[in-house]
Amino acid sequence: MLRLHDTATGEVALLRFRDPGRVSIYVCGLTVDGQAHLGHGRMALVFDVLRRYLLFTGLDVNYVSNITDIEDKIIDGAAAAGVPIDQFTAANEARWWELIDTLGVLRPDETPHATAYVDRMVALVSDLMARGVAYETADGVYLSVLDVPGYGLLAHQPLDSLRTGARVEADEDKRSPLDFVLWKKAKPGEPTWESPWGPGRPGWHTECVVMSLDLLGDGFDLHGGGLDLIFPHHENERAQAVADGREFARHWMHNGWVTVEGEKMSKSVGNFTTLDDLLDRSDARSYRLLVLRSHYRRPIEVTPDTVRDAEAGLARLDELGRRFGLGDLLTSGPVVDPGPADAEIDAEAVTRFRDRMDDDLDTPGALGSVFDLVRQANGAADAGDQAGANRKAQTAALLCAALGLPLRAGSGDEEDPAVQAKVLERDEARAAGDWARADALRAELEDAGWLVEDGPEGTRIRRQ
RNA sequence: GGCGGCGUGGCCGAGUGGUUUAGGCAGGGGCCUGCAAAGCCCCGUACGGCGGUUCGAUUCCGCCCGCCGCCUCCA
């Protein structure tokens, strides 16, 4: 049973499901206002690993993650690019899904878009007005947060602190500086929707309330996102749901930053690396491995050094795939724990893995158990215990797949006839004891990007 | 100012009141190899500082130092 840190309580607690055997998850996705960076990638990977692990343990998972396609920066971005807003957001979103696919992240079961839910957002705001917890001002409609029981649950800040910290906005009509906008009245040049308060557009926090409750229902199991969404975004989502008499998320999970030289990566600081940049120069699986190597709540440093380190670890895993011909276990789809009945799998190792994962998704510890298997498999094979070795190797591959990290048995182009000819020629040279010729052929292959390895079965090559 | 997190061996990074070790990368030695590569074995005996609790603390408590984050729209 999975124990997870809950942002609301600050404690690690058993994740309890509303419906037995089924998990409903809502993760705040991307605002499609530009290029996604490493932080967005980490978020996607962290929740992908959670989702895959729940599937691995045999649960049904309903995973919803939204796209925010109307927002201030989107309006500005489209204007700056000189293109219509829908074209701007569509292009950014399309690129995001390509990146998601490259990262091996499973697509959500549902991907609601804010602009498709404006009617229901208007309905929610109207309801909050009717309940007397929201009020209209000259420039919009606001939620009166001091009327919401438990406001500050996620922020873990005294209300006074939030109040004194609140930035003073132009609108002095707000009853409390903490109150936040549910509906923004139209400004010139902005896209608008009709509402009882005149044309305008929804505030940011409202969309996720409406979409999560619509698609997952009251009291859904888990709500997640990046650490920076805790306050105000998630606090304000919860406030609206509670004020509307709805039961909101039962559990809150947030992932930590990607940092650059110790500082949070963010667009405002300008210290971000885009996912495009990273994926251009490294195997996407190495970023997943890098993310898995540290706990999801800790910050991670992404530097050329840490990426290289992850790539070296990945190479060790792939080497296992090659050595044991695990080509049929290269799935990038979800896998399910086969249980102790499967003689090909080391059930005890799977248990060790699951113990680590159940402890608040201790992926570094889980990964340690996988590397233990790698060493055991290689060691057994070296000692001539092929059956035992295969079992360990298969188990390692299974657990890698469970983490969304498919092993590779090769690059696929080893069969190139010209390359194969050189490999054969080298085998002949070696058989004849012509070491000079063999070394020359190795140099040629290496120049072509191959790493040459001689084994009992002859020369083997792989991509460097 | 308020609230919170973190400081582990050359690097990354888990975990734990004490007997055998996380794991990965890098490094040294060995086995294997024509030489390599890959793999395996061995090695470095780490837990910011000062006190306290304890038979015993890296692990609990206090203080200090350092780094980081949040305090209204940033994953």
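Throughout, a chain's letter reflects where its sequence line sits, starting with A, and its residues are numbered from 1. Computed from a predicted model, the values in this text were never measured in an experiment.
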Among A75(B), C73(B), A36(B), which is the nearest nucleotide to the side chain of E71(A)?
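From the listed options, C73(B) comes nearest.
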
Ignoring the backbone of P158(A), work out which of G2(B), C74(B), C35(B) is nearest its side chain.
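From the listed options, G2(B) comes nearest.
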
Under 3.5 Å side-chain donor-acceptor pair for [X] and [Y]:
X	Y	value
E453(A)	T459(A)	no
H205(A)	E235(A)	no
D48(A)	Y63(A)	no

Which range-with-range stems can be found for RNA chain B when each stem has 3 or more Watson-Crick or G-U pairs in a row and both distances sit under 3.5 Å?
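Stems (3+ consecutive pairs) listed as B:1-7 with B:65-71, B:10-12 with B:23-25, B:27-31 with B:39-43, B:48-52 with B:60-64.
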
Relative to each other, are the rings of Y142(A) and Y135(A) parallel, tilted or perpendicular (30° and 60° limits)?
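Rings of Y142(A) and Y135(A): parallel, under 30°.
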
Pair up each side-chain donor or acceptor in residues 39-46 of chain A with any protein partner under 3.5 Å, not counting sequence neighbours, and list the distances.
| residue | atom | partner | partner atom | Å |
| --- | --- | --- | --- | --- |
| H40(A) | ND1 | H37(A) | N | 2.9 |
| R42(A) | NH1 | G256(A) | O | 3.1 |
| R42(A) | NH1 | W257(A) | O | 2.7 |
| R42(A) | NH1 | R298(A) | O | 2.7 |
| R42(A) | NH2 | H295(A) | O | 3.1 |
| R42(A) | NH2 | Y296(A) | O | 3.4 |
| R42(A) | NH2 | R298(A) | O | 2.8 |

Roughly how many Å apart are [M] and [N], using the [atom1] atom of each and rounding to a whole number?
N	M	atom1	answer
C60(B)	U16(B)	P	9 Å
G24(B)	C40(B)	P	9 Å
G27(B)	C12(B)	C1'	15 Å
G23(B)	G15(B)	C1'	11 Å
G29(B)	A22(B)	P	23 Å
C43(B)	G10(B)	C1'	15 Å
G18(B)	U59(B)	C1'	11 Å
A14(B)	U8(B)	P	10 Å

Quick one: side-chain hydrogen bond (donor to acceptor under 3.5 Å, both in side chains) partners of Q35(A), sequence neighbours excluded?
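For Q35(A) the side-chain hydrogen bond (donor to acceptor under 3.5 Å, both in side chains) partners, ignoring immediate neighbours, are D276(A).
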
Which residues pass the side-chain hydrogen bond (donor to acceptor under 3.5 Å, both in side chains) test with S286(A), sequence neighbours left out?
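Counting only residues at least two positions away or on another chain, S286(A) forms no side-chain hydrogen bond (donor to acceptor under 3.5 Å, both in side chains).
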
What residues form a side chain to side chain contact (heavy atoms under 4.5 Å, CB included) with [X], not counting sequence neighbours?
X	value
E348(A)	D346(A), R352(A)
A448(A)	W450(A)
A8(A)	D6(A), L153(A), L154(A), W252(A)
T273(A)	L38(A), M265(A), D277(A), R281(A)

Do the side chain of [X] and the base of [N] come within less than 3.5 angstrom through a donor-acceptor pair of N or O atoms?
X	N	value
D72(A)	C73(B)	no
R442(A)	A36(B)	yes
D160(A)	G2(B)	no

Of V452(A) and F231(A), whose closest RNA chain B nucleotide lies nearer the 5' terminus?
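Closest to the 5' end, via its nearest nucleotide, is V452(A).
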
Using heavy atoms to find the nearest nucleotide of RNA chain B for G262(A) and M265(A) separately, return the residue whose nucleotide is more 5′.
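Checking each residue's closest nucleotide, the 5'-ward one belongs to G262(A).
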
Could you state the atom-to-atom distance from [atom1] of [X] to [atom2] of [N] in whole Å?
X	N	atom1	atom2	answer
I230(A)	C73(B)	CD1	P	15 Å
H234(A)	A75(B)	NE2	P	11 Å
L103(A)	A75(B)	CG	C1'	13 Å
K264(A)	C67(B)	NZ	C1'	17 Å
L317(A)	G24(B)	CG	C1'	9 Å
R430(A)	C35(B)	CZ	C1'	10 Å
M357(A)	G23(B)	CE	P	19 Å
H156(A)	G5(B)	NE2	P	10 Å

For D318(A), the option from R408(A), R285(A), R323(A), R463(A) that meets side chain to side chain donor-acceptor pair (under 3.5 Å)
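Of the listed residues R408(A), R285(A), R323(A), R463(A), the side chain to side chain donor-acceptor pair (under 3.5 Å) partner of D318(A) is R285(A).
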
Base, sugar-phosphate, or nothing: which does [X] touch, judged by heavy atoms less than 4.0 Å apart?
X	answer
E235(A)	nothing
R201(A)	nothing
G226(A)	sugar-phosphate
V181(A)	base

Name the one of I67(A), D33(A), D69(A) that satisfies side chain to side chain contact (heavy atoms under 4.5 Å, CB included) with T89(A)?
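The passing option is D69(A).
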
For G34(B), is there a stacking contact with W435(A), counting only centres under 5.5 Å and planes under 30°?
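It does: the ring sits over the base of G34(B).
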
Taking only Lys NZ, Arg NE, NH1 and NH2, and the carboxylate oxygens of Asp or Glu, determine whether R356(A) and D359(A) approach each other closer than 4.0 Å.
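Counted as a salt bridge, because a side-chain N and a carboxylate O are separated by less than 4.0 Å.
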
Near-strand residues of residues 254-261 of chain A, defined as heavy-atom separation under 4.0 angstrom from RNA chain B
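Within residues 254-261 of chain A, the residues near RNA chain B are N255(A), G256(A), W257(A), V258(A).
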
Quick one, give me the B/S/- string for nucleotides 39-48 of chain B, reading 5' to 3', where B means a protein heavy atom under 4.0 Å from the base and S means that only happens at the primed atoms, P, OP1 or OP2.
BSS-------

Nucleotides 11-20 of chain B: protein proximity per nucleotide (B base, S sugar-phosphate only, - neither; heavy atom, under 4.0 Å)
-SSS------

Ring-face cation of R316(A) near F371(A) (centre distance under 6.0 Å, axis angle within 45°):
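Judged by the rule (NZ or CZ under 6.0 Å from the ring centre, within 45° of its axis), R316(A) is not positioned above F371(A).
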
Which side-chain N or O atoms in residues 429-437 of chain A pair as donor and acceptor under 3.5 Å with protein atoms at least two apart or in another chain?
| residue | atom | partner | partner atom | Å |
| --- | --- | --- | --- | --- |
| D434(A) | OD1 | R437(A) | N | 3.1 |
| R437(A) | NE | E425(A) | OE2 | 3.3 |
| R437(A) | NH2 | E425(A) | OE2 | 2.4 |

